[in-house]
K.L.:
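There's a structure below that I have some questions on.
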Protein chains: 2
Amino acid sequence: MPTDIEIAQAATLHKILPLAHQKLGLPEDALSPIGHYKAKLSLAQVEALQGEKNGHLVLVTAISPTPPGEGKTTTTVGLGDALNHIGKQAIICLREPSLGPCFGMKGGAAGGGHAQVVPMEDINLHFTGDFHAIALANNLLAALIDNHIHHGNALGLDVRRISWRRVVDMNDRALREITVGLGGPANGYPRQDGFDIVVASEVMAILCLATNMADLQRRLGNIVVGFTAAKQPVTARELKADGAMTALLKDALAPNLVQTLEGNLAFVHGGPFANIAHGCNSVIATQTALKLADYVVTEAGFGADLGAEKFIDIKCRKAGLKPACAVLVATVRALKFHGGGEGLNSLQDGLANLRRHVENIQQHYALPVVVSINRFDSDTAEEIAMIRQACEALGVACVLATHWAEGGAGAAALAREVVALCEARAAKPAAQLYPDEAPLADKIRAVASKIYRAVEVQFEPKAQAQLQDWQAAGWGHLPVCIAKTPYSFSSDASLRGAASGHVLKVRELRLAAGAEFVVAICGEIMTMPGLPKQPAAERIAVDAQGRITGLF
Amino acid sequence: MPTDIEIAQAATLHKILPLAHQKLGLPEDALSPIGHYKAKLSLAQVEALQGEKNGHLVLVTAISPTPPGEGKTTTTVGLGDALNHIGKQAIICLREPSLGPCFGMKGGAAGGGHAQVVPMEDINLHFTGDFHAIALANNLLAALIDNHIHHGNALGLDVRRISWRRVVDMNDRALREITVGLGGPANGYPRQDGFDIVVASEVMAILCLATNMADLQRRLGNIVVGFTAAKQPVTARELKADGAMTALLKDALAPNLVQTLEGNLAFVHGGPFANIAHGCNSVIATQTALKLADYVVTEAGFGADLGAEKFIDIKCRKAGLKPACAVLVATVRALKFHGGGEGLNSLQDGLANLRRHVENIQQHYALPVVVSINRFDSDTAEEIAMIRQACEALGVACVLATHWAEGGAGAAALAREVVALCEARAAKPAAQLYPDEAPLADKIRAVASKIYRAVEVQFEPKAQAQLQDWQAAGWGHLPVCIAKTPYSFSSDASLRGAASGHVLKVRELRLAAGAEFVVAICGEIMTMPGLPKQPAAERIAVDAQGRITGLF
C-alpha cells in the first residue's frame, strides 16, 4: 500500500495561478506564487472581496479522539472534493501543519490517502514560511524584552514575572526550562525562561484571529509580556515592538492557496495549538473563502468539546462567522476505545461519547449535524450498522465516508447530506455558550457544565487570584479558551466515553491579551514536545531525484 | 535625500521569470518563483549548465574597513550594472543579508543608493526562506543531540564536550550563554549551551561550499557535534541527522535570482560569517553565474586580508574557481581613519593600508587589481588626487566610482578597467598561500606572515592541544579560516594603518569538519550580536499601503 507521500508525489498537480483563475476567477496578479503550486492571495484582493455574499460554512469536528486522531483533516479534504464532485463550488480551509513534529513521531498533517492537500512535503515542512515569520516575530519581542531590561529597564519589568517565552519549530525538550542571560554583564540579567513550539506562540493565535494588517498590529501591541513588581502589565506596544513584529508578519498574514489531489482549491493558513489556543485556521482565510465559494469546509482541533467550542465561542464570535452545520467524524476504533475494549459491546458502550457530542452540537451550539464514519478496512458491517442505528435513534444522518481510499467520490453521500443541511438552514450564528459580559469564572463554568458536564469548577488559589486581578484589570470581557486533555470530556484522560459528574480543576490562567482570550489550564499542558527514542528524522532523506522520502 | 528603502520602493521592477528568460535564456520552468520578483533556479538547471564555458570572475574586496563598511556590496552591484551598461553580459553574486541585525543598528545589506538589489525589504527580511531552513537544520541536529543523550547516550557523548550550538536569526544577547535541560528527568540532562546568530552556523558555511545535494549531505554528515569522554569525535552522521537536515535544506540549496535597480540579474545566495566562516556567497551560485554570463562580479567579507584570503584559500581552492582580477574598494573616510585623524596628513598616512592590500593582492594572491574609490559627497578633489597619486606610484589603476548616486553609469570607468584586466589575463587560478598538505599550524603561520605581516604566531595551550589532536585525527589537510578583527591587519583593532611586527595569538581552534576548514580564533569573536539601547525595531513598521518603512 502506498504511503501518503508516495500518493502525493505520484499526483500530477496543476499550476496554482491558472487553476485559481479558472476555478475562482482570481486574476493572476492577485496571487503571489511560492513555487508553481503554492500561492499567497494578496491582502488587497482579500479587501476587494469584502462586498461579496458569503457561501455556507461547514465545520468538521470529531468525537473525542484517540492520540493518532480520527481523520478530521482527511474528512475536511474529502468533503471538499466531494462537494466539487457533486457539482458544488467548494473551498477547503485547513490549518498549516507544524514542521517540528514531522521529525518526531507523527506523520504529515495535510490529510491522508486520496484525500490530501498538495504539495504534501512542502505543506508539512517550510510551506510558505508563515511559521518562520511567526517564530521570528515572537523571538524579536523576546529579544526586545531582555534588551529593555539590559539597558536600564525603564518600564520596570519584573524579571520574575515575564510570561513571554521564546519559540522554535522543533520538538526539543531540552529547551522547555532554561536559564538565559548567563555569562556576566555583557549578556544581560540572568532569568528563568523556556521555549515553546511555534504553534503555541500567542503570535500564531493573533495572526489567525486578525482581520487585517491594522488589526494585526493592534493585537500585537496588546500582548502582555509580563508584569512589573507592582503587578502592572507591560505590553509589546510599550516596548515599541508592534511595528517591527507586523513588518515580519506582513506576508504571513496573506492566506495560502494550494490544491487537493483532485485539483480543488484549499486555503491552508495558520495553525494555533488546540489546547492553549483556539485551534482553527485563520479568520482571513475563512472569510475570504466564503466570498469565493458556495461551500467552505473547515475544521477545528481535537473533539467537539474543545475545537468546535472554541471555533464558535472564540473564532465565530469575534469574526461574525455563521456556520451552517457540523460534520462529526467518528471511527469504529475510537468508539471502541471509549467503550474500553475491542468487541461489539465496547463499541456499543463507546457510542455514549458520540451521543454526547451530537447532543452538545445540537443543543448548545444550535447547529445541525451529520455523523461521518471515517471508514477503516478493518471495520465490519455489524460495527457500521451499530453506529448507524445509534444515529438513527438520535435523529441524525450517518454516512460512511471512504475518501481516504477513494477520494471525493467516497464522500459524495456525506456531501449530499451537508448540502441538504445547509439548504434547510437560514444564515444565522451558532449559539454561544456565554455572553461577552459574563465574568471569566462564569464563562469557564458555562463551558464546563454545558459541554463537559462537570458538576463543579474548582479554581486553585493561583487561578483564583488571577481571575480576580484580570477581571479588575479589564480583561473580563474576553472569551475563555480551556486547555484540557482532548481524550475525555473531563480533564482526566482516563475517563473515556461520556464522563459526567466530574470536577474541573483550573490550575492557572494565561492571559492572551493580543489574541483576546484567557486560557484556563486544567491539568498538564505540554507546549514543547520531545522526540521519541527513534525519531522520524532518522529515516527522512532526499533521494537521487531530489524528492523527500520517509515523511509519512 | 531619499533613503535606500525609498529608492528601492520607488523602482519599477521587472517580473523575474520573463527577465531571466530574456537576459539569460533561462526557460521559465527552470525557475521557481517566490513572489513575482524572486526566483530559485532549479538544481536540475544548475546541473544542465555544467558543460558550458566559464565567464570572467571578478572579486570585489576592500581595504581594512571601518565599522559601517566601505561599500563593497554597493560597488559589486554598481560594477555589475556598469558592465551591463557598457554592453557586457554580467551577473552579480552576493551574500544574503542576515535578518536579525536589521532590527538592531545596521540598515539593510542589499547595496545602497542607486546600486541595490531588489526587492530590498524582502532580501533583508525573510527573502526566500534559506536562513530559516538553515536555522531549523541546525536546530534539528541540536535537538537530536540532546534527545540521543536523553534516551541513553549510546554514542557516549560527553555533555561537557558538545560544541554544537543552537541558532536563531535575531540579535539576542540573553541567549549567548544559557543552561538547557532544566526541570527534571522529563526534560533531559542539564548542560551549558548557547545560541549563535544563524549566519554563524556551520550549516550556513556548508550550504555555501556544497557543490550539489549529495555533497551537501556528505558534509552535513561529517559535522562533528562534540566528543566522547575519550575525546573521540561524534558526527551528525552517527546521530542519523544528515538525511533529515538535507531534506530541510533541499530548496535552500537552489540559488536565488533577483534583479538590480537597473534590471540586471543577481544571484543572492548564502551568507556565512566572515570571521568564523569564509564570508562568501554560495559556490553553486558563483559557478552557475559563470556558466550564464561573460562577467561575474562577487564580493567577500571584510577587507582583503580576511575575505579575499578566504575566498581564495577556501572557496576557490575547494571549488576550482579562477578569479580574473580584484577590485579594491577604498573610501576617503576609512583611509583617514587608518591615518588616525581627519586632515590630508591623516589620509596620506592611511594610504599605507591601501598599499599593503594592493601588495598582498598582487604578490600573494597573484591577481591583477584596480582600486575603486567609493565616492562620498564630502570627498574633496585634493583627497581624491592624493589617492590617485598613491595608486599611480603603485602602478595600479584607480577610478572614482559614483554608482551610489548614479547607478551603473557612475561605475562605467571601473567597468572598463575591469574588462581590460580580465581580457589581459589567461584563465588561471589565484595563488594560494599554502598547500593542502602543510600542517594546520604552518597554514596559520603562512597567512599571518604573508598577509598580516605578523612576526610570530603564538598558540595558547588550548589551541596547541587542539592542533595536535586534530592533526593526528586526520583533519590536517583542511584549509584554515582565521577569525580576527577586520579593522586591523593584526588581531588588535586599535593598530590601524599597516600594522607589522605584531604577534598573532591564537586562543583556540574550532573544527568545521562539515564545512571543511579549521577556524583559528584570535581575540574575542562575537557569534551572537546584541541590540542597542534604541534598536531599529522601534521605528520599523508597515504603512497603510502595506509597505515596510523604517528599514534603512
K.L.:
Give the intermediate values and the outcome of side chain to side chain contact (heavy atoms under 4.5 Å, CB included) for residues B:Leu99 and A:Leu136.
P.N.:
CA-CA 9 Å; B:Leu99 179 156; A:Leu136 282 175; 3.6 Å; yes
K.L.:
Side chains of A:Arg176 and B:Asn187: donor-acceptor distance under 3.5 Å anywhere?
P.N.:
yes
K.L.:
Under a 4.5 Å heavy-atom cutoff, which of B:Gly184, B:Gly194, B:Ala143, B:Ala142 has the most pairs with chain A?
P.N.:
B:Ala143
K.L.:
So which of B:Ala214, B:Pro532, B:Ala135 has the biggest tally of heavy-atom pairs under 4.5 Å with chain A?
P.N.:
B:Pro532
K.L.:
Is A:Val180 close to B:Glu177 at the side-chain level, that is, under 4.5 Å between some pair of heavy atoms?
P.N.:
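The answer is no; the side chains never approach within 4.5 Å.
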K.L.:
Looking at B:Glu28, I want to see if its CD is surrounded by more than 12 non-hydrogen atoms of other residues, nucleotides or ligands under 6.0 Å.
P.N.:
yes
K.L.:
For the pair A:Thr179 and B:Leu182, evaluate side chain to side chain contact (heavy atoms under 4.5 Å, CB included) and give the outcome as yes or no after the intermediate values.
P.N.:
CA-CA 8 Å; A:Thr179 320; B:Leu182 303 175; 3.0 Å; yes
K.L.:
Return the option, out of B:Ser32, B:Gly181, B:Ala174, B:Ala247, with the maximum number of heavy-atom pairs under 4.5 Å with chain A.
P.N.:
B:Ala174
K.L.:
Mind running side chain to side chain contact (heavy atoms under 4.5 Å, CB included) on A:Leu144 and B:Leu531 for me, showing each step along the way?
P.N.:
CA-CA 8 Å; A:Leu144 289 169; B:Leu531 292 169; 3.8 Å; yes
K.L.:
Quick check on B:Asp193 against chain A: is it the side chain, the backbone, both or neither that has a heavy atom closer than 4.5 Å?
P.N.:
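No part of it gets close to chain A.
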K.L.:
Just distance, no hydrogens or angles: give the donor-acceptor pairs under 3.5 Å from side chains in residues 543-552 of chain A, sequence neighbours left out.
P.N.:
unit_1   : atom_1 : unit_2   : atom_2 : d
A:Asp543 : OD1    : A:Gln545 : N      : 2.9
A:Asp543 : OD1    : A:Gly546 : N      : 3.1
A:Asp543 : OD1    : A:Arg547 : N      : 2.8
A:Asp543 : OD2    : A:Arg547 : NE     : 3.3
A:Asp543 : OD2    : A:Arg547 : NH2    : 3.3

K.L.:
For B:Glu238, look at atom CD and say whether over 12 heavy atoms of other residues, nucleotides or ligands are found less than 6.0 Å away.
P.N.:
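Result for CD/B:Glu238: enclosed.
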K.L.:
Please check if the side chain of A:Asn147 supplies one atom and the backbone of B:Gly530 the other of a donor-acceptor pair under 3.5 Å.
P.N.:
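Not at all, since once roles are kept as given, no pair shorter than 3.5 Å links the two residues.
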K.L.:
Can you confirm whether A:Arg173 sits close enough to B:His150 that some side-chain heavy atom of one is under 4.5 Å from a side-chain heavy atom of the other?
P.N.:
yes
K.L.:
What class does the angle between the rings of A:Phe195 and B:Phe195 fall in, given that below 30° is parallel, 30 to 60° is tilted and above 60° is perpendicular?
P.N.:
parallel
K.L.:
Identify which of B:Ala541, B:Gly243, B:Gly188 forms the greatest number of heavy-atom pairs closer than 4.5 Å to chain A.
P.N.:
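Looking at each of B:Ala541, B:Gly243, B:Gly188 in turn, B:Gly243 comes out on top.
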K.L.:
Could you measure the distance from the CG atom of A:Leu175 to the CG atom of B:Asp146? Nearest 0.5 Å is fine.
P.N.:
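Answer for the CG-CG pair, A:Leu175 versus B:Asp146, is 7.5 Å.
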K.L.:
Output the option from A:Met245, A:Met170, A:Lys250 having the highest count of non-hydrogen pairs under 4.5 Å with chain B.
P.N.:
A:Met170
K.L.:
A:Leu125, A:Asn139, A:Leu140: which one forms the most heavy-atom pairs within less than 4.5 Å of chain B?
P.N.:
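So the answer, after comparing A:Leu125, A:Asn139, A:Leu140, is A:Leu140.
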K.L.:
In Å, rounded to the nearest 0.5 Å, how long is the span from NZ of A:Lys240 to CD1 of B:Ile540?
P.N.:
14.0 Å
K.L.:
Determine whether more than 12 heavy atoms belonging to other residues, nucleotides or ligands lie under 6.0 Å from atom CD of B:Gln192.
P.N.:
no
K.L.:
Side chain, backbone, both or neither: which part of A:Ala133 has an atom under 4.5 Å from a heavy atom of chain B?
P.N.:
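Both backbone and side chain.
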K.L.:
Do the non-hydrogen side-chain atoms of A:Arg166 and B:Val168 ever get within less than 4.5 Å of each other?
P.N.:
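A:Arg166 vs B:Val168: side chains apart.
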K.L.:
Would you mind checking which part of B:Pro33 comes under 4.5 Å of any heavy atom in chain A, side chain (CB onward), backbone (N, CA, C, O), both or neither?
P.N.:
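Backbone plus side chain of B:Pro33, per the 4.5 Å heavy-atom cut-off to chain A.
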K.L.:
Specify the closest pair of heavy atoms between B:Ala537 and A:Ala244, including all atoms of both residues, with the distance to one decimal.
P.N.:
O-CB, 3.3 Å
K.L.:
For the atom pair CZ (B:Phe103) and CG (A:Leu248), what is the distance rounded to the nearest 0.5 Å?
P.N.:
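The CZ atom of B:Phe103 sits 3.5 Å away from the CG atom of A:Leu248.
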K.L.:
Using non-hydrogen atoms and a 4.5 Å limit, figure out which bit of B:Ala241 sits close to chain A: side chain, backbone, both or neither.
P.N.:
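For B:Ala241, there is no contact with chain A at all, as no heavy atom is under 4.5 Å.
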K.L.:
For chain B, which residues from residues 34-47 of chain A lie under 4.5 Å away (heavy-atom distances)?
P.N.:
A:Ile34, A:Gly35, A:His36
K.L.:
Which one, A:Pro190, A:Ala186, A:Gly129, leads in non-hydrogen pairs under 4.5 Å with chain B?
P.N.:
A:Ala186
